[in-house]
There are 2 protein chains.
Amino acid sequence: MPDEEGAANLAVAKSEELTAKLRRRGGAATIYDIAELAGVNPSTVSRALSKPGRISAATEAKIRAAADQLNFRFNPMARALPTGRSHTLALVVADITNPVVFGIVRGAEQAASAAGYTLVIAESQESGEAEAEAIERLMPSVDGLVMATTRLSDERIVDIAGRKPVVLINRAVDSVRGVLPDIESGVIELLAHLTELGHRSIVYLAGPETSWISDRRFEHMLEASERLGLGLVEIGPNAPTIDGGRAALRRVIAARATAAIAFNDLMAIGLMQAAADAGVVVPGQLSVSGFDDIFGSELISPPLTTVRAQLVEAGERAVTDLLATLAGETDKSSSPLLTTSLIVRGSTGIVPQPDNATAR
Amino acid sequence: MPDEEGAANLAVAKSEELTAKLRRRGGAATIYDIAELAGVNPSTVSRALSKPGRISAATEAKIRAAADQLNFRFNPMARALPTGRSHTLALVVADITNPVVFGIVRGAEQAASAAGYTLVIAESQESGEAEAEAIERLMPSVDGLVMATTRLSDERIVDIAGRKPVVLINRAVDSVRGVLPDIESGVIELLAHLTELGHRSIVYLAGPETSWISDRRFEHMLEASERLGLGLVEIGPNAPTIDGGRAALRRVIAARATAAIAFNDLMAIGLMQAAADAGVVVPGQLSVSGFDDIFGSELISPPLTTVRAQLVEAGERAVTDLLATLAGETDKSSSPLLTTSLIVRGSTGIVPQPDNATAR
DNA sequence: TTGTAGGCGTTATCAG
DNA sequence: CTGATAACGCCTACAA
């Protein structure tokens, strides 16, 4: 078959000429290159590669061959232009170094890359404005966003959600999709645990002012406290950090509570450190508990009793939901609550007897 | 000035018509819209906005006004096409949940966004292939990459670096830029500390097989051990995780060393946990130390003695260097070593007396 | 200083 | 089933 051979030779020749050209611009082949190599029209290459099956098997094979001979990759940027879809998602978090977000990041990353999407994570560290700015900067280049520990107002979130699909994590805003933990059951479980240990006077260290979930938690605690007839006071807002927890010790002690529930583990840890510094023994004089079960919670001594959240799942599901609405799914219903579970460790214990109670 | 007023009215009118159009496509204005609004040519808008100053002050002002009236943002994708620059950098790490990378991520993120760049972080969890795949997938859409805890071979790295600018963190490869810690001084300091405590027999828990830095550390330990005349044995490779550390306990004990140096804090923590489980008291019977000073190291009890690395700086500098080479800087010299410092805490103590030594 | 025109890599619409 | 051809939003010579 001289004809085929001829074609083969030709292909090889072209290939050589091409590889030279490619090397010059960094090895990035375009559909034109592979069209030339395969002897077809660029548009055919595009079709063959982006919607396999809708094309003659023969040509498709030829094109495929050429494609991975040049080891071709679509240029996502070029692709995004006509389609308007960048295949990129933004994950907005307030503080990357907060262990809580690790799980979320990982889950989101996995789900995203499993779907062939790229995840860019935006940290806002600073409050409000910085976050809004970061979002605006990213908006044009993403198809949608997952917002995790956002400090934005509801209005602002709604505004953003009006422009691109948004999924919230740990926050509910009307008409915006969100993945939420089963707040109530976790709180109930924790309170039951403390009650069982004899605590009748509990203090809740609230999170930052803008924390929706902190409010919800306290809400449920209030309900439960009424039902169980126990004393409950909220202290806050506090920074959701170790220092935030440390700073709250004085007020916790002043409140004469026997047990403290912190908005998150970071704060709980800070509180325990401050307690240790002040000679208050945990859980002997004060029981401490937190939320999240972050790395470090079981390392500290005594190990922290905490309510574990399914962070990885949260990230995963947020991305999955986002992708779904991106795919035109109509069912805007938020996904089911993520289950939550109490992890009892050493930082909570039976209520101190009056004679050896905190201070006098 | 009826003229100006007329122009203003016109502008307003157009603006209304435009905003309608914009809303329809998600609020994204283009330079065409603002050109129309300002009554100039799109190319003028492009110039005015991308290279301020090279244009008449009057038109520029007019354009600026129009631009933020429509609150315009460049479409990065569209921009990337003609210029070939996406203003996006990739940060490649093996495991996001490894606390070591937090610092790096944060530093890199800061430096990147400070320069107006977007950082996409790629996790490879799985070994080699997955990482290579992730990189290939990202390559077309980034201007350069920072590779942090890569498991790739030198060859592969060189190959990648040949296609796009690369900066390595904690790894040196010929002709590839890298930011490295001052390995030697950290090791020396640590060894001096242990020697001072009376330890003469030390074991090093190596990191994963592909860890360049683990090898370098051991190299320096070897040198020092010869100089100081102390016993040193390397155990490994090990997974750079808590479990990796746990799994190594038996061999550490078998080695009859009085002090263990782990490749990183995660492993050190695992080792301590296993020791506690086995009734080996730290530092009474065994001194333990690590590297990195991650979150959790000072939480655990006893708190971990460790060599702190400047992770945030590493991330920051990597991006800065990358940006510099992107900007055509010729000086390929790697940046100066990041200083390192020994943090002495409770997990290292004086060498046990023979009579209360480990095991028998 | 500003407008004109062509191109960046891909998709999508229309013919053929 | 496949080939032209016009977008997509922006940049950049080149011309005016």
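None of these values were measured; they are calculated from a predicted model. Here is how names work: the chains are called A, B, and so on, in the same order as the sequence lines, proteins then strands, and each is numbered from 1. Every heavy atom of this structure was used, including side-chain atoms; hydrogens, water molecules and symmetry mates were not.
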Between C1' of dG9(C) and CG of Leu70(A), the distance in whole Å = 15 Å

Distance-only, no hydrogens or angles: does the [X] side chain make a donor-acceptor pair with backbone N or O of [Y] under 3.5 Å?
X	Y	value
Asn75(A)	Ala78(A)	yes
Thr149(B)	Ala94(B)	yes
Asp143(B)	His87(B)	yes

request  = Work out which heavy atom in Thr30(A) is nearest to a heavy atom in Ile34(A); give both atom names and the distance.
outcome  = O-CG2, 3.0 Å

Minimum-distance pair of heavy atoms, taken over all atoms of Leu89(A) and Val142(A) =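 Looking at all heavy atoms of both residues, the closest pair is C-CG1, 4.1 Å.
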
inquiry  = Checking contacts here: which listed nucleotide (dC11(D), dT2(C), dG9(C)) is nearest the side-chain heavy atoms of Ser46(B)?
reply    =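 Of dC11(D), dT2(C), dG9(C), dC11(D) is nearest to the side chain of Ser46(B).
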
query = Nearest to the side chain of Pro82(B), which nucleotide is it out of dC10(D), dG9(C), dG3(D)?
reply = dC10(D)

query = If you look at every strand shown and take non-hydrogen atoms under 4.0 Å, does Tyr32(A) touch a base, only sugar-phosphate, or nothing?
reply =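 Tyr32(A): base contact, heavy atoms under 4.0 Å.
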
ask   = Asn75(A) near the nucleic acid: base, sugar-phosphate alone, or nothing, with a heavy-atom cut-off under 4.0 Å?
value =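 Since only primed, P, OP1 and OP2 atoms lie under 4.0 Å of Asn75(A), the category is sugar-phosphate.
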
message = Just to be sure I understand the geometry, which residues of residues 133-144 of chain A put a non-hydrogen atom under 4.0 Å away from DNA chain D?
response = none

Ignoring backbone atoms, establish whether [X] has a side-chain N or O less than 4.0 Å from OP1 or OP2 of [N].
X	N	answer
Thr44(A)	dG3(D)	yes
Ser43(A)	dA4(D)	no
Arg79(A)	dT11(C)	yes

request  = Please check if any side-chain donor atom of Ser46(B) sits under 3.5 Å from a side-chain acceptor atom of Ser43(B), or the reverse.
outcome  = no

request  = Scan residues 47-60 of chain A against DNA chain C and write down, sorted by residue number, each residue with any heavy atom closer than 4.0 Å; if none is found, say none.
outcome  =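 Arg47(A), Ser50(A), Lys51(A), in order of number.
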
key: Atom pair CD1/CG of Ile121(A) and Leu138(A) - distance to nearest 0.5 Å   =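 If we round to the nearest 0.5 Å, Ile121(A):CD1 and Leu138(A):CG are 10.5 Å apart.
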
